[in-house]
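Here the structure comes first, spelled out in structure tokens, and everything after it is commentary.
The first residue of the sequence shown is numbered 1, and numbering continues consecutively from there. Bear in mind the structure is a predicted one, so any value in this text is a computation, not a measurement.
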Amino acid sequence: ETGWIEAWWRAFGAGRLEVLREERQGRVALDVEHDIAHLDEALAVESLGWKRTAGTAILSAPQTARFYTEVARWAAASGRLRLIFLRVDGRPVAFHLALEDDRTYFPLKGGFGPAFRAQSPGRLLIHATLERAFAVGLRRYEFLGDFDAYKLRWATETYDPVLFQAFAPSPVGRARGAAFAYGRPLAKRAVDELRRRRAASAPKPGQ
């Protein structure tokens, strides 16, 4: 389980946060939070950079913001949330909205402020969270998403995740299958309608 850690450590070493310290940028800290108290702060950092211009920032679409907020709330309630900030003199310059489960780190979303672009804060945060993974005894660090070049620089292996989803051979099951496969609002409404009809036709107490 430690082979990938040792390989990475030999290739890249430790203490990369010294890049900011040596350039006298300020006091550098890695804050690991388990609740959503500063979620708005993280989303504001993401919206400062290129993602806002490209329209891909979480705050660019209300439905996307609601989705990630609900995910963060669920993860916090279940003890899986890791909202990690790289801060300079208390100012957030990069963040990860991540899950930690089964000794594995899953960074779902990340971003950094453009003011520190020259210091590559996103890359420094990856280094810092990898160092943290070693320190707390995690087993895996999943980069998620496509096989981007910057991810392959650190990764020791790649794989295509497969999700197996089974549905009951019933009207409700087939409707759920259609909703899962196509994500059509019509399929979800069909499931709700089937449930409503079944509830309406079910015998009432005392009948």
Side-chain angles (χ1 to χ4, degrees), residues 30-87 91-102 104-117 120-126 128-130 132-133 140-152 154-155 158-165 167 175-193 195:
L30 187 73
D31 286 346
V32 181
E33 303 181 4
H34 299 251
D35 56 44
I36 63 170
H38 295 105
L39 179 61
D40 290 345
E41 188 178 28
L43 301 187
V45 169
E46 189 201 34
S47 68
L48 293 174
W50 63 269
K51 292 184 180 181
R52 179 180 61 178
T53 304
T56 60
I58 292 174
L59 294 180
S60 297
Q63 61 270 29
T64 304
R66 286 194 299 270
F67 172 78
Y68 280 101
T69 298
E70 289 303 314
V71 168
R73 287 174 177 165
W74 164 82
S78 62
R80 295 179 173 90
L81 180 66
R82 300 295 182 271
L83 186 58
I84 300 184
F85 291 93
L86 178 62
R87 296 183 183 273
R91 176 185 177 185
V93 299
F95 81 94
H96 275 175
L97 171 59
L99 303 180
E100 202 167 280
D101 187 51
D102 191 26
T104 304
Y105 184 75
F106 301 93
L108 302 182
K109 277 288 188 177
F112 62 88
F116 286 84
R117 183 182 298 273
S120 302
R123 183 176 298 178
L124 289 174
L125 182 57
I126 292 175
T129 49
L130 279 165
R132 175 185 170 273
R140 296 181 66 85
Y141 188 112
E142 296 283 351
F143 283 95
L144 306 179
D146 296 329
F147 300 148
D148 299 309
Y150 80 91
K151 298 175 185 177
L152 295 175
W154 282 290
T158 62
Y159 62 92
D160 294 315
V162 176
L163 173 65
F164 176 79
Q165 189 84 15
F167 301 93
R176 286 176 175 169
F180 176 82
Y182 306 107
R184 295 176 179 173
L186 179 61
K188 183 178 184 302
R189 288 197 295 270
V191 171
D192 293 340
E193 179 63 18
R195 287 175 173 170

Query raised in the report: Do V93 and L124 pass the side chain to side chain contact (heavy atoms under 4.5 Å, CB included) test, and can you show the C-alpha distance, the side-chain angles, and the key distance before you say yes or no?
Result: CA-CA 10 Å; V93 299; L124 289 174; over 6 Å; no
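- Atom OH of residue Y105 and atom CG of residue L130 lie 9.0 Å apart, to the nearest 0.5 angstrom.
- A pairwise comparison of heavy atoms in A57 and S47 identifies CB-CA, 4.2 Å as the closest pair.
- Using a 4.5 Å cut-off on side-chain heavy atoms (C-beta onward), F85 and H96 make no contact.
- Across all their heavy atoms, A65 and L59 have their closest contact at CB-CD2, 4.2 Å.
- With sequence neighbours excluded, the residues that form a salt bridge (charged side-chain N to carboxylate O under 4.0 Å, His left out) with K51 are E46.
- The CG atom of L97 lies 9.5 Å from the NZ atom of K109; values are rounded to the nearest 0.5 Å.
- By the side chain to side chain contact (heavy atoms under 4.5 Å, CB included) test, A44 is found to be paired with no residue, residues two or more places apart in sequence or in another chain being considered.
- At distances below 3.5 Å, not a single donor-acceptor pair connects side-chain atoms of T69 with backbone N or O atoms of F67.
- Taking A94 as the reference, L86, F112, P121, L125 meet the side chain to side chain contact (heavy atoms under 4.5 Å, CB included) condition, with sequence neighbours excluded.
- For the pair I126 and Y141, the minimum side-chain heavy-atom distance is below 4.5 Å.
- With rounding to the nearest 0.5 Å, the separation of CG in L83 from CG in L99 is 11.0 Å.
- Not counting sequence neighbours, the partners of E100 by the salt bridge (charged side-chain N to carboxylate O under 4.0 Å, His left out) test are R82, R132.
- Counting only residues at least two apart or on different chains, the salt bridge (Lys or Arg N to Asp or Glu O under 4.0 Å) pairs with a member in residues 60-70 are E70-R73.
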Report task. List the steps and the verdict of salt bridge (charged side-chain N to carboxylate O under 4.0 Å, His left out) for E41 and R91. Result -> CA-CA 10 Å; E41 188 178 28; R91 176 185 177 185; over 6 Å; no
Requested in this report: Step by step, work out the side chain to side chain contact (heavy atoms under 4.5 Å, CB included) result for H34 and L81.
Outcome: CA-CA 5 Å; H34 299 251; L81 180 66; 5.7 Å; no
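- Closest approach of L39 and A72 over heavy atoms only: CD2-CB, 3.9 Å.
- When side chains are defined from C-beta on, L30 counts as touching I84, because their heavy atoms get closer than 4.5 Å.
- Under the salt bridge (charged side-chain N to carboxylate O under 4.0 Å, His left out) criterion, D101 pairs with R80, sequence neighbours left out.
- In terms of modelled atom types and a separation under 3.5 Å, the side chain of D35 and the main chain of A37 share a donor-acceptor contact.
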